[in-house]
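Below is one structure; the comments refer to it alone.
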Amino acid sequence: MRTEFTAEDLPGRAFYTMLTAVVVPRPIAWVATVSASGSDNLAPHSFFTVSCAEPPIVQFTSVGRKDSLRNIEETGEFTVNLAPEPLMEQVNATSAPLERGDSEFDAAGLAREPGAAVKAPRVAASPVALECRLHSTLLLGDSTVVFGRVVHVAVDGSVLDGAHPEVTRLRPLSRLGRNEWGTLGGVVAMDRPTRRP
């Protein structure tokens, strides 16, 4: 027997909590930005995916108007850094609210490295950084979806198998419900069928 819910049954954030408990696992966009005045920002966003193959575009959602969104609107650039399991504490630490202009890099003890194609920094310890230029934004209720064209990818050689990033070396984190996080766990390989059976 199922228990049925509507948005009216779960007012306020309760319906949001329901959605984030069942839309799992969610990859984390660890978004680094810099403001027009030069202050950097780093924050995890768990509404994140690839939205287009050609041109290559990724998207993340800012729930509310956070500094990541403000900085991207000001400069048109950002990096998405892979959030790996060994940096779980630091990824979580960068979700803490700071005063605008204070750096999460410094608060979490993370080293920066410069982007190759954008002014936004990269997380030096992250194995992958996607450097993006703003394509567009879409306002949906209390949230803004940010679309970024990927103009450069930087991958640490230690996670490569030839030219392919190997997922067991990447060790990506994901967000689940409540305060729960996911790690990679088991990996199953299965080829797509070439035709209908």
Side-chain angles (χ1 to χ4, degrees), residues 20 23-35 39-51 56-98 100 102-135 137 143-156 158-159 165-176 179-184:
T20 55
V23 181
V24 291
R26 297 187 309 283
I28 298 167
W30 206 7
V31 177
T33 59
V34 63
S35 70
S39 300
D40 60 30
N41 180 269
L42 179 64
H45 297 267
S46 68
F47 294 178
F48 168 56
T49 193
V50 175
S51 52
I57 295 174
V58 294
Q59 70 181 68
F60 77 91
T61 299
S62 175
V63 179
R65 291 195 51 80
K66 298 193 168 90
D67 287 344
S68 299
L69 174 61
R70 292 187 187 100
N71 291 350
I72 291 167
E73 289 173 337
E74 289 177 6
T75 67
E77 298 181 339
F78 61 100
T79 65
V80 176
N81 303 271
L82 185 127
E85 183 180 348
L87 297 179
M88 181 188 289
E89 294 291 335
Q90 291 91 335
V91 175
N92 189 47
T94 59
S95 68
L98 299 181
R100 182 156 170 80
D102 291 346
S103 174
E104 289 79 5
F105 281 94
D106 296 335
L110 288 161
R112 308 156 177 81
E113 66 181 24
V118 300
K119 290 182 181 176
R122 305 188 305 215
V123 177
S126 172
V128 179
L130 308 177
E131 298 186 14
C132 302
R133 293 201 177 102
L134 178 62
H135 176 275
T137 60
S143 301
T144 302
V145 186
V146 177
F147 297 92
R149 181 168 182 156
V150 181
V151 295
H152 186 85
V153 180
V155 185
D156 190 289
S158 66
V159 301
E166 211 284 311
V167 71
T168 62
R169 298 177 191 176
L170 292 172
R171 298 173 65 189
L173 289 168
S174 62
R175 286 289 285 125
L176 307 173
N179 64 346
E180 301 158 337
W181 295 66
T183 55
L184 184 60

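Atoms considered below: every heavy atom in the structure, side chains included; atoms not considered: hydrogens, waters and symmetry mates. Residue indices begin at 1 and follow the sequence shown.
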### Message
Using side-chain contact (heavy atoms from CB on, under 4.5 Å), reason through Arg26 and Thr20 one step at a time and then give a plain yes or no.
### Response
CA-CA 9 Å; Arg26 297 187 309 283; Thr20 55; 3.6 Å; yes
In Å, rounded to the nearest 0.5 Å, how long is the span from [atom1] of [X] to [atom2] of [Y]?
X      : Y      : atom1 : atom2 : result
Glu85  : Met88  : CD    : CE    : 5.5 Å
Glu113 : Ser126 : CD    : OG    : 8.5 Å
Ile72  : Arg133 : CD1   : CZ    : 14.0 Å
Lys66  : Thr144 : NZ    : OG1   : 10.0 Å
Thr61  : Leu69  : OG1   : CG    : 10.5 Å
Arg169 : Ser158 : CZ    : OG    : 8.0 Å

### Message
Checking Glu74 now: which residues fulfil salt bridge (Lys or Arg N to Asp or Glu O under 4.0 Å) with it, not counting sequence neighbours?
### Response
Arg100
### Message
If we check side-chain hydrogen bond (donor to acceptor under 3.5 Å, both in side chains) with His45, which of these qualifies: Ser62, Ser95, Ser68?
### Response
Ser68
Taking the side chain as every heavy atom from C-beta outward, state whether [X] and [Y] have any atom pair closer than 4.5 Å.
X      : Y      : value
Val118 : Thr79  : yes
Pro172 : Val167 : yes
Leu176 : Pro25  : yes
Leu173 : Thr183 : yes
Asp106 : Arg112 : yes
Leu98  : Glu104 : yes

If you compare all heavy atoms of [X] against all heavy atoms of [Y], which two are closest, and at what distance to 0.1 Å?
X      : Y      : answer
Ala120 : Phe78  : CB-CA, 3.8 Å
Val155 : Val159 : CG1-CG2, 3.6 Å
Ile57  : Phe147 : CG2-CB, 3.9 Å
Val91  : Ile28  : CG1-CG2, 4.5 Å
Pro127 : Pro84  : CD-CG, 3.8 Å

### Message
As a quick check of understanding, evaluate side-chain contact (heavy atoms from CB on, under 4.5 Å) for Trp181 and Arg175, giving each step before the final call.
### Response
CA-CA 5 Å; Trp181 295 66; Arg175 286 289 285 125; 3.8 Å; yes
#### Entry: Check ion pair Lys119-Asp40 (N to O, under 4.0 angstrom)
no
### Task
Would you check if the side chain of Asn41 reaches a backbone N or O of Asp67 as a donor-acceptor pair within less than 3.5 Å?
no
### Query
Side chains of Thr33 and Asn71: donor-acceptor distance under 3.5 Å anywhere?
yes
#### Entry: Thr94-Trp30 side chain donor-acceptor pair, cut-off 3.5 Å
yes
### Message
Between Glu131 and Arg122, does the side-chain contact (heavy atoms from CB on, under 4.5 Å) criterion hold? Intermediate values first, please.
### Response
CA-CA 8 Å; Glu131 298 186 14; Arg122 305 188 305 215; 2.6 Å; yes
### Task
Kindly check if the number of other-residue, nucleotide or ligand heavy atoms within 6.0 Å of NE2 (His152) is above 12?
yes
